[in-house]
Student: 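Can you keep this structure in mind? I'll have questions shortly.
Atoms considered below: every heavy atom in the structure, side chains included; atoms not considered: hydrogens, waters and symmetry mates.
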Amino acid sequence: MNRVTDDKVRDFILHDLPLVTTLFMKRVDIDDDAVLQELFEVEDVAEMVDAFFHHFHITADGFSINNYYPWQGKSTFLCKKITQSKSPLTIRMFIESARAGRWLYK
């Protein structure tokens, strides 16, 4: 039996999403609690999510990309704190759901 591990889930997600780099083309390390909406466009995350559920045979009931997007990005010119109306989406959420065999979050 092919056991799901944290590393397998993490590697799958980071391989499936576009590479994130700094202005000077240095690779940005993404940890398990990084907010994916701040790093990736909705289309990229939606494609990864579909592949994730299929690859790991996870029940997608209860998952909707609309629960996580649209995300209000940080503005360079405004100092005002942004209040998000959506929940953050993280790699840790995918790891825990893969262990459970179903999407755990609303």
Side-chain angles (χ1 to χ4, degrees):
M1 183 173 155
N2 190 10
R3 190 166 168 252
V4 175
T5 65
D6 294 3
D7 287 335
K8 286 182 183 178
V9 174
R10 186 179 302 107
D11 292 344
F12 178 87
I13 291 169
L14 294 176
H15 181 265
D16 205 61
L17 289 170
L19 180 65
V20 179
T21 61
T22 65
L23 183 61
F24 300 106
M25 300 305 291
K26 182 179 178 189
R27 181 183 178 149
V28 173
D29 291 326
I30 301 170
D31 67 30
D32 292 349
D33 296 313
V35 177
L36 298 179
Q37 296 100 311
E38 293 180 356
L39 300 167
F40 303 101
E41 298 296 325
V42 64
E43 296 83 8
D44 296 326
V45 173
E47 287 179 19
M48 180 279 296
V49 166
D50 288 341
F52 168 81
F53 287 131
H54 178 74
H55 181 81
F56 290 103
H57 307 289
I58 306 297
T59 304
D61 296 345
F63 180 87
S64 173
I65 198 73
N66 295 325
N67 291 341
Y68 305 99
Y69 283 94
W71 188 262
Q72 296 184 15
K74 296 176 185 174
S75 174
T76 307
F77 303 106
L78 296 176
C79 295
K80 183 177 150 183
K81 183 179 179 187
I82 296 174
T83 303
Q84 297 293 345
S85 62
K86 305 291 181 167
S87 300
L89 187 62
T90 67
I91 292 174
R92 185 170 313 283
M93 295 166 76
F94 288 98
I95 291 171
E96 291 172 357
S97 294
R99 284 189 208 145
R102 63 183 175 82
W103 186 250
L104 298 172
Y105 304 91
K106 301 288 179 203

Student: Going by heavy atoms in the side chains, are Ile30 and Val20 under 4.5 Å from each other?
Tutor: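 Of all side-chain heavy-atom pairs linking Val20 with Ile30, at least one is under 4.5 Å.
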Student: Under a 4.5 Å cut-off applied to non-hydrogen side-chain atoms, are Ser97 and Tyr105 in contact?
Tutor: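 A side-chain contact exists here, since the closest heavy-atom pair is under 4.5 Å.
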Student: Would you please name every residue forming a salt bridge (Lys or Arg N to Asp or Glu O under 4.0 Å) with Asp32, sequence neighbours left out?
Tutor: Arg10
Student: Can you give me the closest heavy-atom contact between Lys8 and Arg3, atom names plus distance?
Tutor: NZ-O, 3.1 Å
Student: For the residue pair Gly62 and Asn67, what are the closest heavy atoms and their distance?
Tutor: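 What the structure gives for the nearest pair is O-ND2, 4.0 Å.
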Student: List the residues meeting side chain to side chain contact (heavy atoms under 4.5 Å, CB included) with Thr21, not counting sequence neighbours, and say none if there are none.
Tutor: Leu19, Met25
Student: Just verifying a value: how many Å separate Lys106 NZ and Ser64 OG, rounded to the nearest 0.5 Å?
Tutor: 11.0 Å
Student: Between Asp50 and Glu47, is any pair of side-chain heavy atoms under 4.5 Å apart?
Tutor: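 Counting from C-beta outward, Asp50 and Glu47 never come under 4.5 Å.
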Student: What are the two closest heavy atoms between Ile58 and Ala98, and how far apart are they?
Tutor: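 For Ile58 and Ala98, the tightest heavy-atom pair comes out as CD1-CA, 3.5 Å.
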Student: Apply salt bridge (Lys or Arg N to Asp or Glu O under 4.0 Å) to Arg99 and list each qualifying residue two or more places apart in sequence or on a separate chain.
Tutor: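 If we apply the salt bridge (Lys or Arg N to Asp or Glu O under 4.0 Å) test to Arg99, skipping adjacent residues, the hits are Asp6.
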Student: Would the Phe52 and Phe63 ring centres measure less than 6.0 Å apart?
Tutor: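 So the answer is no for these two rings.
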Student: Just by distance, do the side chain of Lys86 and the backbone of Pro70 share a donor-acceptor pair under 3.5 Å?
Tutor: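 No: the side chain of Lys86 does not pair with the backbone of Pro70.
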Student: With the side chain counted from C-beta on, respond yes when Ile91 and Ile95 share a heavy-atom pair under 4.5 Å apart, and no when they do not.
Tutor: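 Yes, at least one pair of side-chain atoms sits under 4.5 Å.
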Student: Identify the two heavy atoms, one from Ile13 and one from Met48, that lie closest to each other, and give their separation to 0.1 Å.
Tutor: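 Nearest heavy atoms, Ile13 then Met48: CG1-SD, 3.8 Å.
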Student: Between the side chain of Thr22 and the main-chain N/O of Phe24, is any donor-acceptor distance below 3.5 Å?
Tutor: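 Yes, because the side chain of Thr22 sits within donor-acceptor range (under 3.5 Å) of the backbone of Phe24.
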Student: Please evaluate residues Tyr68 and Val45 with respect to the criterion side-chain contact (heavy atoms from CB on, under 4.5 Å), reporting the C-alpha separation (whole Å), side-chain torsions for both, the decisive distance (0.1 Å), and the verdict.
Tutor: CA-CA 10 Å; Tyr68 305 99; Val45 173; over 6 Å; no
Student: Just by modelled atom types, is the Tyr69 backbone N or O under 3.5 Å from a matching donor or acceptor in the Gln37 side chain?
Tutor: no
Student: What about the rings of Phe94 and Phe12, do their centers lie closer together than 6.0 Å?
Tutor: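 That pair fails the under 6.0 Å test.
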